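No hydrogens, no waters, no symmetry mates; every other heavy atom, side chains included, goes into these values. Keep in mind it's a predicted model, so treat the numbers as computed, not measured.
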Amino acid sequence: MILSELLDYETLRIIWWLLIGVLLIAFAVMDGFDLGASMLLPFIGKSDMDRRVIINTMGPVWEGNQVWLIVAGASIFAAWPMIYAVSFSGFYLAMFIILFALILRPVAFKYRSKRDSEAWRSGWDRALFIGGFVPTLIFGVAVGNAFQGVPFRLNQDLQIFYEGSFLGLLNPFALLCGVLSVAMLLMHGSSWLVLKTSGQIQARARACGYISAIATVVIYALAGVASWLWISGYRITSPIVTDGPSNPLRKTVELDHNAWFANFANHPWLLIAPALGILGALAVVIALRSGRQLAPLLFGKLSIFGIISSVGVSMFPFILPSTVDPKMSLTVWDSSSSHLTLFIMLVVCAIFLPIIVVYTSWVYKVLWGKVEKDMIEDESNHAY
């Protein structure tokens with residue numbers, strides 16, 4: 001309990017805001033290359049054997065990578081229950097579509113090679129493409145909507161009412177963010193295939209990675225310009241209570257056109273985040289052009305880290321603004337679980353998160369190396 005007293009409510013809220021960001025970024029950098037490689041499957045895989053090679057680069061690791069999404073979702077549920085309630089109820093149809101697409105992936109992995117039929121395998125290849133493209137696009141659209149604000153309100157009992165629609169989520173800026181998400185993970189998936197394959201598959205992946213990395217830089221820059229010109233941020237105008245009860249109604253908030261850029265102006269070192277987003281993708285281009293194999297994947301991870309973290313630090317302390325009534329916006333200071341809950345979760349996380357990291361590192365060490373066609377033709381390897 002002494003440690004619990006040392007970690008005050010404000011500190012625990014900051015820690016869990018950072019941890020949720022880390023978990024979401026971990027999902028993007030780990031499962032992101034699986035999603036990207038799945039999207040590339042119909043374009044890089046010119047033959048059935050090519051597609052089997054691509055599938056076998058991600059087949060043994062995708063389940064472990066998706067653990068990060070599960071951990072992030074569970075952490076949001078426990079640490080930020082109001083955020084979970086608004087996002088998973090307001091974005092219900094979008095979340096259902098994501099879930100359906102993600103369910104297609106394991107089914108496609110397991111059943112694709114069960115029949116030696118071109119039509120059968122092509123159908124499951126399309127399912128893998130859908131399982132990669134749809135979640136990637138919708139996750140980006142969701143981030144774009146969170147950046148603009150979401151149409152929800154709270155009554156005096158903190159009951160949540162969502163007043164938007166699914167089609168309302170598909171606005172121009174959110175779709176731009178969705179396209180950015182697709183380009184970013186295509187870059188990441190291409191870099192993964194450059195590392196894990198050889199020959200013509202690797203050459204095609206290198207070309208796709210070069211194009212998608214440039215597209216990532218251009219679209220990210222366009223999103224930044226669009227947010228500067230057309231997106232209004234939110235600013236707390238009342239005294240900020242960082243260790244008070246989780247009640248979003250106890251503050252006043254107003255729209256401020258430059259609010260989302262205020263943190264960068266007040267703390268210039270935060271510009272490291274968008275700089276990494278752009279420079280990391282440019283480094284991927286250079287590494288691919290110079291024939292490197294591991295470097296593009298590592299630089300891609302830096303770019304993803306920079307792009308995602310730039311959204312979080314620009315919005316801080318807001319997590320989910322409300323377009324219906326700005327004062328009902330959910331922030332780091334008024335939408336978390338209790339002090340005791342956050343502390344217990346932190347202890348659990350400190351125990352189990354290192355175990356996940358160590359186990360994941362061991363798996364990748366065991367599976368290190370390229371996937372070759374002769375390995376797949378050898379039936380004793382039980383390849384996909």
Side-chain angles (χ1 to χ4, degrees), residues 24-25 27-45 54 57-58 62 65-66 68-69 91 94-95 97-102 104-105 108 125-148 166 169-194 204-227 274 277-278 280-282 284-285 288 296-297 299-311:
L24 291 175
I25 292 171
F27 166 67
V29 300
M30 296 302 295
D31 203 35
F33 62 74
D34 291 344
L35 297 172
S38 296
M39 288 188 282
L40 289 167
L41 186 64
F43 308 103
I44 292 181
I54 294 171
T57 65
M58 49 183 170
W62 75 269
N65 293 339
Q66 203 155 285
W68 295 102
L69 177 62
F91 299 162
M95 294 295 180
I97 294 172
I98 289 175
L99 181 61
F100 175 78
L102 290 177
L104 282 178
R105 300 177 71 206
D125 290 342
R126 286 191 290 271
L128 280 172
F129 171 80
I130 293 171
F133 176 76
V134 171
T136 302
L137 178 68
I138 295 182
F139 281 136
V141 169
V143 172
N145 278 282
F147 196 76
Q148 297 174 94
F166 176 74
L169 300 176
L170 305 178
N171 56 79
F173 181 78
L175 288 173
L176 180 63
C177 293
V179 174
L180 171 60
S181 178
V182 171
M184 180 176 71
L185 295 195
L186 281 174
M187 171 186 71
H188 204 36
S190 298
S191 300
W192 170 253
L193 293 179
V194 167
R204 297 183 201 118
R206 194 179 296 277
C208 289
Y210 179 78
I211 295 170
S212 55
I214 294 176
T216 298
V217 173
V218 173
I219 300 170
Y220 183 50
L222 285 175
V225 172
S227 63
I278 293 175
L282 292 176
V284 171
V285 174
L288 289 172
L297 187 69
F299 287 134
K301 293 179 185 296
L302 282 178
S303 179
I304 292 171
F305 170 82
I307 291 172
I308 297 177
S309 62
S310 65
V311 176

### Message
Parallel, tilted or perpendicular, judged at 30° and 60°: which one describes the rings of F139 and F27?
### Response
perpendicular
### Query
Where do A28 and H188 come nearest, in terms of heavy atoms and distance?
O-CD2, 3.9 Å
### Task
Output, in order, the C-alpha distance, side-chain angles, deciding distance and verdict of side-chain contact (heavy atoms from CB on, under 4.5 Å) for I25 and K301.
CA-CA 9 Å; I25 292 171; K301 293 179 185 296; over 6 Å; no
### Message
Quick check: do L297 and V194 have side-chain heavy atoms less than 4.5 Å from each other?
### Response
no
### Message
Would you compute the distance between atom CD1 of I307 and atom OG of S181 and round it to the nearest 0.5 angstrom?
### Response
9.5 Å
### Query
Rounded to the nearest 0.5 Å, how far apart are SG of C208 and CG of L40?
5.5 Å
Cut-off 3.5 Å, no hydrogens considered: what does the side-chain donor-acceptor table look like for residues 125-134, sequence neighbours left out?
from, atom 1, to, atom 2, distance (Å)
D125, OD1, R112, NE, 2.5
D125, OD2, R51, NE, 2.9
D125, OD2, R112, NH2, 3.2

### Summary
Separation between CE (M184) and CD1 (I308), nearest 0.5 Å, reads 4.5 Å
### Query
Can you check whether W68 reaches D31 side chain to side chain, under 4.5 Å on heavy atoms?
no
### Message
Assess the residue pair V217 and V285 against the criterion (side-chain contact (heavy atoms from CB on, under 4.5 Å)); give the C-alpha distance rounded to whole Å, side-chain angles, the decisive distance to 0.1 Å, and a yes or no.
### Response
CA-CA 10 Å; V217 173; V285 174; over 6 Å; no
### Query
When rounded to the nearest 0.5 angstrom, what distance separates CZ in F91 from CD1 in I98?
10.0 Å
### Message
Quick one, I138 and M95 - any side-chain contact, counting heavy atoms below 4.5 Å?
### Response
no
### Query
Is the shortest heavy-atom distance from the side chain of L302 to the side chain of V284 under 4.5 Å?
no
### Query
Is there side-chain contact between L180 and V143, with heavy atoms separated by less than 4.5 Å?
no
### Task
Kindly compute the distance separating CG (L288) from CE (M187), expressed to the nearest 0.5 Å.
9.5 Å
## Note on the structure
Separation between SG (C177) and CZ (F147), nearest 0.5 Å, reads 8.0 Å
### Query
For Y220, which residues count as a ring-ring contact (aromatic ring centres under 6.0 Å, His included) partner, sequence neighbours excluded?
none
### Message
Does N171 form a side-chain contact (heavy atoms from CB on, under 4.5 Å) with N145? I'd like the steps, not just the answer.
### Response
CA-CA 8 Å; N171 56 79; N145 278 282; 3.0 Å; yes
### Task
Specify the closest pair of heavy atoms between G45 and I54, including all atoms of both residues, with the distance to one decimal.
N-CD1, 3.8 Å
### Message
Using only atom types and a distance under 3.5 Å, with no angle test, would you say the side chain of N65 pairs donor to acceptor with the backbone of M30?
### Response
yes
### Task
Applying side chain to side chain donor-acceptor pair (under 3.5 Å), name anything that partners T136, two or more places apart in sequence or on another chain.
none
### Query
Looking at A205 and I44, what are the two nearest heavy atoms and their distance?
CA-CD1, 3.5 Å
### Query
Should we say atom CZ of F166 is surrounded by more than 12 heavy atoms from elsewhere, each under 6.0 Å from it?
yes
### Query
For the residue pair L176 and A223, what are the closest heavy atoms and their distance?
CD2-CA, 3.7 Å
